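To keep things clear, I will list the structure first and then write my remarks on it.
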Amino acid sequence: MRAMTGPVTSIQAISAVKAPRPPITSHSSASSIREQALSHFFIWQLIAARWRQGLYDIEVLKGEVDRGGYDLVLEAGGIIRHIQLKSTFKGSKVSEVPVNARLLDKPSGCVIWLEVNQDTLALERYLWFGDPPGSRLPDLGTKVSCHSRGDSTGRKPERPMHRDLRKARFTPLGGIDELLGRLFG
């Protein structure tokens, strides 16, 4: 490799920039960034909707580790919700998502499935799985989830603390205001 001499010029810097990846490639290689962006955008939408309702009492907590079965804990109006977030692209063929069974132990646990625009990440639809505030999460069924990647032999081991939840068990919601009603009454 030849060492560069002198400062990098703007032409060299521009030529080193890679062309944007197609959306699907970007989504798979940057899934952690996408997940964080969707989480932050979702939280912003919830807070903004409460603000429009004249309610400023929402608290948001995010765990440092992914062990308890939830991504977020929200509290508003004295109601605490442990929430597992899932996301897919609008029109995706995904028919089920793995849900952590530890969520069953949390008071008022629920799962929110976000359908997003593949190109812009705009939230297009909310799907709800849960019961009214104060009620535990409904039964997840018995279908044990498997890891998405196989081991060295190609076998996909089971994830004993996860259950596959079919999309048909989720309720499509009309928007963020309806979601807030489901979350906090």
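Just so it is clear, the structure is predicted and the values come from calculations on it, not from any experiment.
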Could you give the side-chain donor-acceptor pairs of residues 38-49 under 3.5 Å, partners two or more places apart or in another chain?
residue : atom : partner : partner atom : Å
S39     : OG   : K62     : NZ           : 3.1
Q45     : OE1  : Y126    : OH           : 2.2

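- Counting heavy atoms from C-beta outward, R81 and V73 have side chains that stay 4.5 Å or more apart.
- In this structure, CG in L183 is found 13.0 Å from CD in E75, a value given to the nearest 0.5 Å.
- Taking both residues in full, the closest heavy atoms of L103 and C110 are given as CD2-O, 3.5 Å, listed atom of the first, atom of the second, then distance.
- Between R34 and L121 there is a side-chain heavy-atom pair separated by less than 4.5 Å.
- Closest non-hydrogen pair, D131 versus P138, comes out as OD2-CG, 3.6 Å.
- From L104, atom CG reaches atom CG of D139 across 7.0 Å, with rounding to the nearest 0.5 Å.
- Residues passing the ring-ring contact (aromatic ring centres under 6.0 Å, His included) test with F170, sequence neighbours excluded: W113, F129.
- Checking side-chain atoms of D151 against main-chain N and O of R155 turns up a donor-acceptor pair under 3.5 Å.
- Within the 4.5 Å cutoff, no side-chain heavy atoms of E35 are placed close to those of S87.
- R136 places a side-chain N or O within 3.5 Å of a backbone atom of K106 that can act as its donor or acceptor partner.
- Q36 places no side-chain N or O within 3.5 Å of a backbone atom of S32 that could act as its donor or acceptor partner.
- Here the closest heavy-atom approach between residue L85 and residue D71 is recorded as N-OD2, 2.6 Å.
- Side-chain heavy atoms closer than 4.5 Å link hydrophobic residues (I, L, V, M, F, W, Y) into clusters, and following such links, possibly through other members, connects I83 to L180.
- In this structure, a donor-acceptor pair under 3.5 Å is present between the side chains of N117 and E124.
- Put simply, the side chain of R52 reaches to within 4.5 Å of the side chain of I176, judged on heavy atoms.
- The closest side-chain heavy-atom distance from I112 to L127 is not below 4.5 Å.
- Put simply, the side chain of E158 never gets that close to the backbone of C146: no donor and acceptor are under 3.5 Å apart.
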Inset, instruction - Begin from the C-alpha positions of L61 and L72 and carry the test side-chain contact (heavy atoms from CB on, under 4.5 Å) through to its verdict. - result: CA-CA 6 Å; L61 305 166; L72 300 170; over 6 Å; no
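- The hydrophobic cluster containing Y56, built from Ile/Leu/Val/Met/Phe/Trp/Tyr side-chain heavy atoms closer than 4.5 Å, also comprises W51.
- For the atom pair CG of L123 and CD of E115, the computed distance is 10.5 Å after rounding to the nearest 0.5 Å.
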Inset, instruction - Start with the C-alpha gap between S148 and K156, add the side-chain angles, then the distance that decides, and say whether side-chain contact (heavy atoms from CB on, under 4.5 Å) holds. - result: CA-CA 7 Å; S148 58; K156 295 180 179 181; 5.9 Å; no
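- Atom-to-atom distance recorded for K167:NZ and K86:NZ is 14.0 Å, nearest 0.5 angstrom.
- In terms of hydrophobic clustering, with Ile, Leu, Val, Met, Phe, Trp and Tyr side chains grouped at heavy-atom distances under 4.5 Å, W128 and V116 are assigned to a common cluster.
- Residues satisfying the side chain to side chain contact (heavy atoms under 4.5 Å, CB included) test with R102, not counting sequence neighbours, are R67, N100, M161.
- Note on residues 62-83: pairs passing ring-ring contact (aromatic ring centres under 6.0 Å, His included), not counting sequence neighbours, are Y70-H82.
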Legend entry - Working for side-chain contact (heavy atoms from CB on, under 4.5 Å), residues L74 and I80: CA-CA 6 Å; L74 300 177; I80 298 173; over 6 Å; no
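- Between R50 and D57 a salt bridge is recorded (basic side-chain N to carboxylate O distance below 4.0 Å).
- In terms of modelled atom types and a separation under 3.5 Å, the side chain of R163 and the main chain of P160 share a donor-acceptor contact.
- A donor-acceptor pair under 3.5 Å links the side-chain atoms of S108 to the main chain of G134, judged by distance alone.
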Inset, instruction - List the steps, then state whether side-chain contact (heavy atoms from CB on, under 4.5 Å) holds for D177 with L179. - result: CA-CA 5 Å; D177 292 323; L179 177 57; over 6 Å; no
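- Linking Ile, Leu, Val, Met, Phe, Trp and Tyr residues whenever their side-chain heavy atoms come within less than 4.5 Å leaves L173 and V97 in two separate clusters.
- Scanning for side chain to side chain contact (heavy atoms under 4.5 Å, CB included) contacts around D164 gives E96, P98, K143, S145, with sequence neighbours left out.
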